[in-house]
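Notes for the one structure printed next.
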Amino acid sequence: MYSYSILFPGQEIPNINLLFSFIKKYPIIKKTFEESSDYIKYNLKKLIENHPQELINKSKYIQLITLTASIAIYRLWKNKNEEIPLMLAGHSLGEYSALVCSKSLKFRDAIKLIIIRNKLMKECMKEKKGAMHAILGLKKCDIQNILRNVKNKKKVSIACINTPYQIVISGEKSIVSKISTICKKNGAKKIFRLSINPPSHCLLMKRAAKKLLKVLKDTTFKKPIFPVVNNVDAKIETSVLAIQKALSRQLYCPVRWMDSIIYLSKKKTSIFLEAGLNNTLTKLNKFLVAIPSISLNNENKFI
């Protein structure tokens, strides 16, 4: 008997061709996108079909498409399987997908929250340029040592600990670039810029987090029917207030993805399933655990 833990990706450039074929082939996926479109009063299906890159590249639409696609793919998997997930976890934005699929949060409320979340983050960066860089080849402690020598410590932060040797930094563009250069000189094998703006999981977002918490507290949450591992503490929360506070802190605290996966692996997970259009989390898992990981981006993979 397999024990499945479902993983939900964060913001990523969607595989538009794959998504469009899914929408055409599976009524449940089409219906999920219609739900999302009805709420925002904007036809996401039409956007995906015509795929104007200038719109898709806006974080607002990428986030909505990512959230909707993850929930749609999870629904498709559940339709084809009677298995009950052992646990759920989401990377960054993916935590909202996990909470929807665990019946803790209504789909329409998740859409509302990520729109507000994006707006609040942009307000924090009105007069600043932000950036997020992934540093490959250095450990968290190596980057922490480099950051200790930065004068304006609040302007750059460790944003994600994805694997022992893949750490993301986030903050003001000029300082992030400066730190990346120092990391390169100190042995980083590769550095690449993430197409995420405004920058997430950094101290610049503390003001946005306070405002978001007020909105979260005014939103109806329930105790999840499946345990959800939050990504800032890498642990399961069951109280509504704790879940809301974790979502708020996620804006300025690092995503502890490596710790989250290790936690899940110790809870008798036998297979990880990624409910997303790409293989992002499946690829990361290769550096973290020996447990099989499968991306549900192909109909042949719906176990």
As an exercise, state the distance from [atom1] of [X] to [atom2] of [Y], rounded to the nearest 0.5 Å.
X    : Y    : atom1 : atom2 : answer
F33  : L64  : CZ    : CG    : 9.5 Å
I6   : L296 : CD1   : CG    : 6.5 Å
I116 : K119 : CD1   : NZ    : 8.0 Å
K267 : L86  : NZ    : CG    : 9.5 Å
Y74  : I29  : OH    : CD1   : 14.0 Å

Y4 and W77: aromatic ring centres closer than 6.0 Å?
-> yes
Nearest non-hydrogen partners of [X] and [Y], listed with the distance:
X    : Y    : value
L88  : A98  : CD1-O, 3.4 Å
A131 : P199 : O-CB, 3.8 Å
L277 : E12  : N-OE2, 4.3 Å
F287 : T163 : CB-CG2, 3.9 Å
F272 : S265 : CZ-N, 4.2 Å
M132 : A159 : CE-CB, 3.9 Å

Do [X] and [Y] have side-chain atoms, one donor and one acceptor, less than 3.5 Å apart?
X    : Y    : result
H201 : S92  : yes
S5   : T269 : yes
S295 : N297 : yes
R117 : Q250 : yes
S293 : T282 : no

For the pair E35 and K30, find out whether any cationic side-chain nitrogen is under 4.0 Å from an anionic carboxylate oxygen.
-> no
Can a salt bridge be assigned to the pair K235 and D259 using a cut-off of 4.0 Å between side-chain N and carboxylate O?
-> no
hydrophobic_cluster_shared for I191 and V150, side chain cutoff 4.5 Å = yes
Are any side-chain N or O atoms of [X] and backbone N or O atoms of [Y], one a donor and one an acceptor, separated by less than 3.5 Å?
X    : Y    : result
Q244 : L216 : yes
S70  : L67  : no
T68  : I65  : no
N278 : I13  : yes

Checking V229, N230, N231 against D233 for side-chain contact (heavy atoms from CB on, under 4.5 Å), the one that qualifies is N230
Do the side chains of L19 and N15 get nearer than 4.5 Å, heavy atoms only?
-> no
So is K206 actually on top of Y252's ring, under 6.0 Å and inside 45° of the axis?
-> yes
